[in-house]
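Shown next, in structure tokens, is the structure this report addresses.
Counting convention: from 1, in listed order, for ligands and their atoms alike. As the structure is a computational prediction, the values presented were derived from the model and not from experiment.
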Amino acid sequence: MNGIKAEDFRKLFRRLTTGVTLIAVDGENGPAGMTVNSLTPVSLDPPLLLFCASASSATAKRIATIGAFSVNILAGHQQDVSMHHAGRPLATPTWCWRESHGVPWIDGANAVFRCRFVEEYPGGDHRILIGQIEEMFGPETAATPLLYHGGQYARLPYEDGDVANVPRTEDLWWTG
Ligand SMILES: Cc1cc2nc3c(=O)[nH]c(=O)nc-3n(C[C@H](O)[C@H](O)[C@H](O)COP(=O)(O)O)c2cc1C
């Protein structure tokens with residue numbers, strides 16, 4: 001690894017706090033998906049986003065076959081959704097699937113982006129998948145989000161519904 005140790009790479013990137021998303025796809029036996037924190041908005045015109053998926057990801061392979069997926073930005077109360085789709089399945093799912101144009105999405109998410117799979121690029125042991133947003137929606141008021149920091153789940157110190165009222169220390173200058 002060119003002198004870069006995997007343990008150091010992981011240790012330092014654990015300091016990058018992120019939200020948590022569920023990438024959902026119409027699987028062979030109903031809705032399927034994977035937990036992802038590598039989501040990035042890419043372009044407004046056309047509306048594009050990307051995420052990185054391990055070369056071994058079953059979800060990414062399915063997306064390439066089906067050609068469509070959804071991105072669901074998870075709320076703080078959806079940790080079980082995240083764990084289930086990150087290789088720690090629950091015996092009894094507690095969430096509710098919905099569907100739009102044949103693409104599954106998850107009830108209770110803070111935002112949902114239904115995408116057409118447009119392209120993928122190699123990225124070392126991962127693949128970079130690009131989706132074009134065809135539909136997007138979310139609740140009027142976002143719940144406190146699910147975060148990932150230091151290798152564990154975290155929450156903002158605000159209750160659901162209060163996030164919009166957090167005092168701003170500066171103007172919103174970048175909305176990308
Ligand atoms: C918070 C969190 C974020 C994750 N982000 C990614 C990611 O961005 N890309 C990735 O390939 N795997 C990521 N994973 C791991 C996948 O969710 C996990 O390997 C999953 O089981 C892959 O499922 P699949 O093989 O069915 O697609 C993440 C896991 C967690 C808990």
Side-chain angles (χ1 to χ4, degrees), residues 1 4 6-43 48-95 97 99 102-133 142-157 163 176:
M1 277 235 310
I4 301 293
E7 67 197 79
D8 293 337
F9 181 98
R10 290 201 186 95
K11 177 177 142 191
L12 294 176
F13 271 106
R14 277 201 286 266
R15 297 175 185 175
L16 177 64
T17 308
T18 67
V20 181
T21 72
L22 173 72
I23 307 293
V25 65
D26 184 24
E28 279 171 9
N29 302 304
M34 73 189 288
T35 300
V36 152
N37 67 348
S38 56
L39 179 75
T40 301
V42 173
S43 160
L48 302 175
L49 55 75
L50 72 75
F51 68 95
C52 304
S54 163
S56 64
S57 164
T59 305
K61 287 192 187 99
R62 183 71 180 169
I63 288 171
T65 307
I66 292 277
F69 62 98
S70 74
V71 178
N72 304 259
I73 298 182
L74 298 181
H77 58 83
Q78 293 180 307
Q79 185 173 322
D80 51 355
V81 175
S82 175
M83 290 173 69
H84 183 86
H85 295 95
R88 299 180 64 183
L90 295 182
T92 321
T94 52
W95 51 90
W97 288 104
E99 179 263 331
V103 179
W105 56 276
I106 210 144
D107 210 18
N110 269 341
V112 177
F113 303 90
R114 180 173 59 80
C115 299
R116 180 167 54 84
F117 170 64
V118 286
E119 211 149 3
E120 67 175 354
Y121 299 95
D125 54 15
H126 278 57
R127 314 273 310 159
I128 302 161
L129 280 78
I130 310 263
Q132 176 152 349
I133 300 164
T144 190
L146 184 61
L147 305 180
Y148 204 67
H149 175 81
Q152 56 187 4
Y153 294 100
R155 309 286 185 290
L156 289 172
V163 180

Heavy-atom distance under 4.5 Å between the side chains of [X] and [Y], does that happen here?
X	Y	result
Tyr153	Tyr148	yes
Thr21	Phe51	no
His126	Ser54	yes

Straight-line distance of Leu39 CG to Ile73 CD1, nearest 0.5 Å: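 Answer for the CG-CD1 pair, Leu39 versus Ile73, is 6.0 Å.
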Starting at CZ of Arg127, measure out to OG of Ser56 and round the result to the nearest 0.5 Å.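 Interatomic distance, Arg127 CZ to Ser56 OG, rounded to 0.5 Å: 12.5 Å.
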Which pairs, with at least one residue in residues 21-32 and sequence neighbours excluded, count as a salt bridge (charged side-chain N to carboxylate O under 4.0 Å, His left out)?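 Passing the test, one end in residues 21-32: Glu28-Arg62.
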How would you list, by chain and number, the residues with a heavy atom under 4.0 angstrom from ligand 1?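 Those residues closer than 4.0 Å to ligand 1 by some heavy atom are Met34, Thr35, Val36, Asn37, Ser38, Cys52, Ala53, Ser54, Ser57, Ala58, Thr59, His85, Ala86, Gly87, His126, Tyr148, Tyr153.
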